[in-house]
Amino acid sequence: IHTPVLLDEVLHYLKPVKPQSLLVDTTLGEGGYACAFLDAFPHIKLIGIDIDSSILSCAKHRLVAYNERIRFFHMWFDEFFQHYSELVSTYPDRIIFDLGISRFHYEASGRGFSFAKDEPLDMRLSGDLPLTAYDIVNTYSEEELHTLFKQYGEERFARRIARTIVKKRKKTLIENALMLSDIIAAVI
């Protein structure tokens with residue numbers, strides 16, 4: 001189970017202002033913050049949102065004791081807030097955004113988030129997304145890869161990595177995270 005960062009600080013600074021408060025956890029993950037808030041504040045209600053159905057299932061299992069006080073939504077948080085008034089009748093008192101991926105994704109998802117494992121190059125938080133990391137690595141042009149690594153990864157060796165990926169995939173497709181890791185390691 002993933003332990004949320006700065007849990008005590010988050011509980012302190014986001015403690016409910018009134019007993020019947022509504023808290024929205026926009027990136028529920030395994031439910032670490034949600035569990036702590038529901039334990040610490042027995043009268044609050046909570047909304048948990050996550051796009052990853054696998055991890056949402058883990059959270060539902062973990063938080064089953066709180067079913068009367070929690071609602072789950074399987075969607076992106078921006079989509080949730082765009083349709084908030086259609087989904088929820090009261091406004092939240094507190095909102096948590098814990099941006100980033102959790103330990104679950106690195107250790108248990110099997111989607112290639114960890115370069116230390118021989119896993120498929122998927123790297124999607126939602127299986128509903130059409131484009132996988134495999135697709136990107138094996139079809140993007142050198143310039144597109146360079147832009148991706150430089151702009152979003154702030155990688156100083158972006159050009160060399162992109163060039164090497166394109167060169168290597170001419171011989172064989174890059175099938176998994178370990179292959180990609182080996183290519184990147186050889187470059188830098």
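Below, all heavy atoms of this structure are taken into account, side chains as well, without hydrogens, waters or symmetry copies. The residues of the chain are indexed from 1 along the displayed sequence. None of the values given here were measured: they were computed from a predicted structure.
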Exercise for review: Please report the C-alpha distance between Arg62 and Cys35 in whole Å, then the side-chain angles of each, then the deciding distance to 0.1 Å, and finally whether the side chain to side chain contact (heavy atoms under 4.5 Å, CB included) criterion is met.
Suggested key: CA-CA 8 Å; Arg62 180 180 188 180; Cys35 187; 4.3 Å; yes
Review point. How far apart are the C-alpha atoms of Leu38 and Ile44, what are their side-chain angles, what is the distance that settles it, and do they pass the side chain to side chain contact (heavy atoms under 4.5 Å, CB included) test?
Key: CA-CA 7 Å; Leu38 292 164; Ile44 68 164; 4.2 Å; yes
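With values rounded to the nearest 0.5 angstrom, Glu30 atom CD is found 10.0 Å from Asp52 atom CG. Here the straight-line distance linking atom CH2 of Trp76 with atom CD of Gln82 works out to 13.0 Å at 0.5 Å rounding. To the nearest 0.5 Å, atom CZ of residue Phe37 and atom CD1 of residue Ile96 are 4.0 Å apart.
Between the side chain of Asp50 and the main chain of Gly29, a donor-acceptor pair closer than 3.5 Å is present. With hydrogens and angles ignored, the 3.5 Å screen pairs a side-chain donor or acceptor of Glu144 with a backbone N or O of Ser141. In this structure, Thr27 contributes its side chain and Asp98 its backbone to a donor-acceptor pair below 3.5 Å.
Pairing each heavy atom of Ile165 with each of Val137, the nearest pair is CG2-O, 3.5 Å. The shortest heavy-atom contact between Met75 and Leu87 is SD-CD1, 4.0 Å. Here the closest non-hydrogen pair linking Ala59 and Leu28 is CB-CD2, 3.6 Å. Counting all heavy atoms, side chain and backbone alike, Leu56 lies closest to His74 at CD2-CB, 3.6 Å. Of all heavy-atom pairs between Ala162 and Leu145, the closest is CB-CB, 3.7 Å. Here the shortest heavy-atom pairing between Pro92 and Val24 reads CB-CG2, 3.6 Å.
Looking at residues two or more places apart in sequence or on another chain, you find a ring pair (Phe, Tyr, Trp, His ring centres under 6.0 Å) between Phe97 and Phe77. A search for side-chain hydrogen bond (donor to acceptor under 3.5 Å, both in side chains) contacts involving Thr164 returns nothing, not counting sequence neighbours. Judged as a ring pair (Phe, Tyr, Trp, His ring centres under 6.0 Å), and not counting sequence neighbours, Tyr33 has no contacts. Applying the side-chain hydrogen bond (donor to acceptor under 3.5 Å, both in side chains) test to Asp135 and every residue at least two apart in sequence or in another chain returns Thr132. Remark: Ser85 pairs with no residue by the side-chain hydrogen bond (donor to acceptor under 3.5 Å, both in side chains) rule, at least two apart or across chains. A search for side-chain contact (heavy atoms from CB on, under 4.5 Å) contacts involving Thr90 returns Leu22, Val88, not counting sequence neighbours. With sequence neighbours excluded, the residues forming a side-chain hydrogen bond (donor to acceptor under 3.5 Å, both in side chains) with Tyr66 are Asp39, listed by chain and number. The ring pair (Phe, Tyr, Trp, His ring centres under 6.0 Å) test applied to Phe73 returns Phe80, not counting sequence neighbours.
Linking Ile, Leu, Val, Met, Phe, Trp and Tyr whenever their side-chain heavy atoms come within less than 4.5 Å leaves Ile49 and Val64 in two separate clusters.
Residues Ile95 and Thr26 meet the side-chain proximity criterion, which asks for heavy atoms closer than 4.5 Å. Inter-residue side-chain proximity for Arg169 and Val166 is flagged as met; some heavy-atom pair is nearer than 4.5 Å. Considering only heavy atoms from C-beta on, Leu23 stays 4.5 Å or farther from Asp93 through its side chain. Side-chain contact between Ile174 and Leu121 is present, with heavy atoms from C-beta onward closer than 4.5 Å.
Identified under the salt bridge (Lys or Arg N to Asp or Glu O under 4.0 Å) test for residues 67-82, with sequence neighbours left out: none. Within the structure, ring-ring contact (aromatic ring centres under 6.0 Å, His included) contacts touching residues 142-162 (residues at least two apart or in different chains) do not occur. The stretch residues 150-166 participates, sequence neighbours left out, in these salt bridge (Lys or Arg N to Asp or Glu O under 4.0 Å) pairs: Glu142-Arg163, Glu143-Arg159.
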Just list the side-chain donor-acceptor pairs under 3.5 Å for residues 7-18, sequence neighbours left out, or say none.
none

